[in-house]
Participant: 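The following block contains the structure, expressed as structure tokens.
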Amino acid sequence: MKLLRVGPAGAERPVVLAPDGTARDLRPLTPDLDGAFLAGFDPAALDPAALAALPPTDLTGERVGPPVARPGKIVGIGLNYRDHAAEAGAAIPAEPVVFLKPVNTLVGPGDQVLVPRGSEKTDYEVELAVVIGRTGRYLDTPADAAAIIAGYAAANDVTERAFQFDRGGQWDKGKSAETFTPLGPWLVTPDELGDPQALDLRLWVNGELRQNGSTADMIFPVHETVRYLTHFMRLDPGDIVITGTPAGVTLGRPGTPFLRAGDKLTLEVTGLGRQETTLGQA
């Protein structure tokens, strides 16, 4: 099942895409796709009869927003692909590298990404995002972690490398600029997506393929990553976990210019749709 939010920023409405591709308005069931809704959401309850009872809605010309409203936190995982760690000149981590992104970095899949003022090295990172649907704390097994996942989405963990590495060595500085977490277009439920370790991730800059990887190459698989996180923080419904990026970022391509206003980014993740955005200047 695919869930999404459409409409002007701050005034999105929740929508579900039925298996036949028709869009149905979810407002008879919830005012928004947020943690409160996800905490009680059972995809099986939206059977064909229940979907048919929802009013159809026309998405023509509509802006698509991030598929989750008001997450409590965005948790990032760094260096989670061996090839990316190698291109960054970093050792393979013994445990997941964890950082946090402000929730006000979250934007829709087609919204403009802003290059920060003073930026020298704005970079891209196509990633698989996990959206939490149940509270998780001190989980024992990856299977326990799988049970608290509401769904998955495509993400771009936009990063300013000079801020990240050259301004005191604090990753949050490089990850926190406004618009730095485009998410969507859809939240896809686990039953529809299937194995999260069998997804292709691709990203193009101005039509040139830069990243072409697979979640099969993660160092720490999705369910194990979620389990691990619950021993350091409580995960709540609506929280987002972005799980790392494969090789091909600008940082690992000597001589390749970093992103500038006017560049066009396109990315896609198997089963999770496509993002297209043109960069602007903050």
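Just so it is clear, the structure is predicted and the values come from calculations on it, not from any experiment.
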Participant: So Leu259 and Ser119, do their side chains get closer than 4.5 Å, heavy atoms only?
Facilitator: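 No; the side chains remain at least 4.5 Å from each other.
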
Participant: Quick one: pull up OG1 in Thr135 and CG in Leu235 and give me the separation to the nearest 0.5 Å.
Facilitator: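 Between atom OG1 of Thr135 and atom CG of Leu235 there are 9.0 Å.
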
Participant: Please report the closest heavy-atom contact between Leu279 and Val115, naming both atoms and the distance.
Facilitator: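 Heavy atoms of Leu279 and Val115 come nearest at CD2-CG2, 3.7 Å.
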
Participant: Under 3.5 Å, side chain of Thr57 to main-chain N/O of Ala23, donor-acceptor pair present?
Facilitator: no

Participant: If two hydrophobic side chains count as joined below 4.5 Å and joins carry through other members, does Val75 share a cluster with Tyr228?
Facilitator: yes

Participant: Is the number of heavy atoms from other residues, nucleotides or ligands within 6.0 Å of CZ (Arg260) greater than 12?
Facilitator: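 Yes, the 6.0 Å shell around CZ holds more than 12 heavy atoms from other groups.
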
Participant: Hydrophobic clusters here meaning ILVMFWY residues chained together by side-chain heavy-atom distances under 4.5 Å, can you tell me if Phe258 and Val158 are in one?
Facilitator: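 Per the 4.5 Å side-chain linkage, Phe258 and Val158 are not co-clustered.
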
Participant: Between Asp32 and Phe37, which heavy-atom pair has the shortest distance, and what is it?
Facilitator: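 Of all heavy-atom pairs spanning Asp32 and Phe37, the closest is O-CB, 3.7 Å.
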
Participant: Would you say that Val126 contacts Thr245 through its side chain, given a criterion of any heavy-atom pair below 4.5 Å between the two side chains?
Facilitator: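 Contact flag for Val126/Thr245 side chains = yes.
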
Participant: Start with the C-alpha gap between Thr215 and Val222, add the side-chain angles, then the distance that decides, and say whether side-chain contact (heavy atoms from CB on, under 4.5 Å) holds.
Facilitator: CA-CA 9 Å; Thr215 57; Val222 170; 5.9 Å; no

Participant: Please give me the minimum heavy-atom distance between Gly248 and Glu87, naming the atom from each residue.
Facilitator: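 Scanning both residues completely, I find the closest heavy atoms to be N-OE1, 2.9 Å.
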
Participant: Does either side chain, that of Thr256 or that of Arg210, offer a donor lying less than 3.5 Å from an acceptor on the other one?
Facilitator: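 Short answer, no.
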
Participant: Provide the closest heavy-atom pair for Leu183 versus Ala155 in the form atom of the first, atom of the second, distance.
Facilitator: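 Of all heavy-atom pairs spanning Leu183 and Ala155, the closest is CD1-CB, 3.8 Å.
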
Participant: For Phe220, is there any backbone N or O sitting under 3.5 Å from a side-chain donor or acceptor partner on Asn80?
Facilitator: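 Yes, because the side chain of Asn80 sits within donor-acceptor range (under 3.5 Å) of the backbone of Phe220.
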
Participant: Does Glu125 reach the main-chain N or O of Gly244 with its side chain, forming a donor-acceptor pair under 3.5 Å?
Facilitator: no

Participant: Between Asp111 and Thr179, does the side-chain contact (heavy atoms from CB on, under 4.5 Å) criterion hold? Intermediate values first, please.
Facilitator: CA-CA 8 Å; Asp111 290 343; Thr179 74; over 6 Å; no

Participant: Look up atom CG in Leu272 and atom CG in Asp200, then write down how far apart they are to the nearest 0.5 Å.
Facilitator: 11.0 Å

Participant: Is Arg63 reaching over with its side chain to a backbone N or O of Gly7, donor-acceptor style, under 3.5 angstrom?
Facilitator: yes

Participant: Tell me, do Pro66 and Glu12 make a side-chain contact under 4.5 Å, heavy atoms counted?
Facilitator: yes

Participant: Can you tell me how far CD1 of Ile240 sits from CD1 of Ile74, rounded to the nearest 0.5 angstrom?
Facilitator: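 The CD1 atom of Ile74 sits 5.0 Å away from the CD1 atom of Ile240.
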
Participant: Atom CG of Leu114 and atom OG1 of Thr105: how far apart are they, to the nearest 0.5 Å?
Facilitator: 12.0 Å

Participant: Judged by atom type as modelled, is there a donor-acceptor pair below 3.5 Å linking the side chain of Glu127 to the main-chain atoms of Ala129?
Facilitator: no

Participant: With side chains defined as the heavy atoms from C-beta onward, is the minimum distance between Leu251 and Lys121 less than 4.5 Å?
Facilitator: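 Side chain of Leu251 against side chain of Lys121, heavy atoms only: no contact under 4.5 Å found.
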
Participant: What I'd like to find out is whether the side chain of Leu51 reaches to under 4.5 Å of the side chain of Val16, using heavy atoms alone.
Facilitator: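 The answer is yes; the side chains approach within 4.5 Å.
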
Participant: Quick one: does Pro196's side chain get under 4.5 Å of His223's, heavy atoms only?
Facilitator: yes

Participant: Closer than 3.5 angstrom, by distance alone: can the side chain of Asp83 be matched with the main-chain N or O of Pro246 as a donor-acceptor pair?
Facilitator: no

Participant: Quick one: are Val107 and Thr277 in side-chain contact, heavy atoms under 4.5 Å?
Facilitator: no

Participant: Given the rule that I, L, V, M, F, W and Y join up when any side-chain heavy atoms are under 4.5 Å apart, are Val6 and Val68 in one cluster?
Facilitator: no

Participant: Could you grab the distance from atom CD of Gln281 to atom CD of Gln112, nearest 0.5 Å is fine?
Facilitator: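 Reported value, rounded in 0.5 Å steps: 9.5 Å.
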
Participant: Are Asp157 and Lys101 close enough for a salt bridge, meaning some N to O gap below 4.0 Å?
Facilitator: yes

Participant: Would you check if there is a donor-acceptor pair between the side chains of Thr159 and Lys175 at a distance under 3.5 Å?
Facilitator: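 Judged by distance alone, the side chains do pair up.
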
Participant: Would you say Gln197's side chain and Pro221's backbone share a donor-acceptor pair under 3.5 angstrom?
Facilitator: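 No, because the side chain of Gln197 does not come within donor-acceptor range (under 3.5 Å) of the backbone of Pro221.
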
Participant: So does Arg274 have more than 12 non-hydrogen atoms from other groups sitting under 6.0 Å from CZ?
Facilitator: yes

Participant: Decide whether Leu100 and Phe180 are clustered together by the hydrophobic rule: side chain heavy atoms of Ile, Leu, Val, Met, Phe, Trp, Tyr closer than 4.5 Å, transitively.
Facilitator: yes

Participant: With side chains defined as the heavy atoms from C-beta onward, is the minimum distance between Leu46 and Phe41 less than 4.5 Å?
Facilitator: yes

Participant: Which distance, rounded to the nearest 0.5 Å, do you find between the CD1 of Ile219 and the CG of Leu79?
Facilitator: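 Spacing of CD1 (Ile219) from CG (Leu79) equals 7.0 Å.
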
Participant: Begin with the C-alpha distance, continue with both residues' side-chain angles, and end with the deciding distance and a verdict on side-chain contact (heavy atoms from CB on, under 4.5 Å) for Gln275 and Leu265.
Facilitator: CA-CA 8 Å; Gln275 297 185 9; Leu265 295 180; over 6 Å; no

Participant: Within the side chain of Ser176, is there an N or O that forms a donor-acceptor pair under 3.5 Å with the backbone of Lys173?
Facilitator: no

Participant: Hey, any chance Val64 and Leu267 share a hydrophobic cluster, counting ILVMFWY side chains that come within less than 4.5 Å of each other, even indirectly?
Facilitator: yes

Participant: Provide the closest heavy-atom pair for Ala145 versus Leu139 in the form atom of the first, atom of the second, distance.
Facilitator: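 Nearest heavy atoms, Ala145 then Leu139: CA-CD1, 3.7 Å.
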
Participant: For Ala153 and Gly184, work out which heavy atoms get closest and say how close.
Facilitator: CB-N, 4.4 Å

Participant: Given Val97 and Trp171, is the side-chain contact (heavy atoms from CB on, under 4.5 Å) satisfied, shown in steps?
Facilitator: CA-CA 10 Å; Val97 176; Trp171 279 32; 3.9 Å; yes

Participant: Taking Glu208 as the fixed residue, which of Arg253, Arg202, Lys264 is the one that meets the salt bridge (Lys or Arg N to Asp or Glu O under 4.0 Å) rule?
Facilitator: Arg253

Participant: Give a yes or no answer on whether the side chain of Glu192 reaches the backbone of Met1 with a donor-acceptor pair at less than 3.5 Å.
Facilitator: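 Here the side-chain-to-backbone pair exists.
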
Participant: Okay, side chain of Arg134, backbone of Ala39: is any donor-acceptor separation there less than 3.5 Å?
Facilitator: yes

Participant: Stepwise, does the side chain to side chain donor-acceptor pair (under 3.5 Å) test hold for Arg161 with Thr250?
Facilitator: CA-CA 9 Å; Arg161 303 296 185 189; Thr250 312; over 6 Å; no

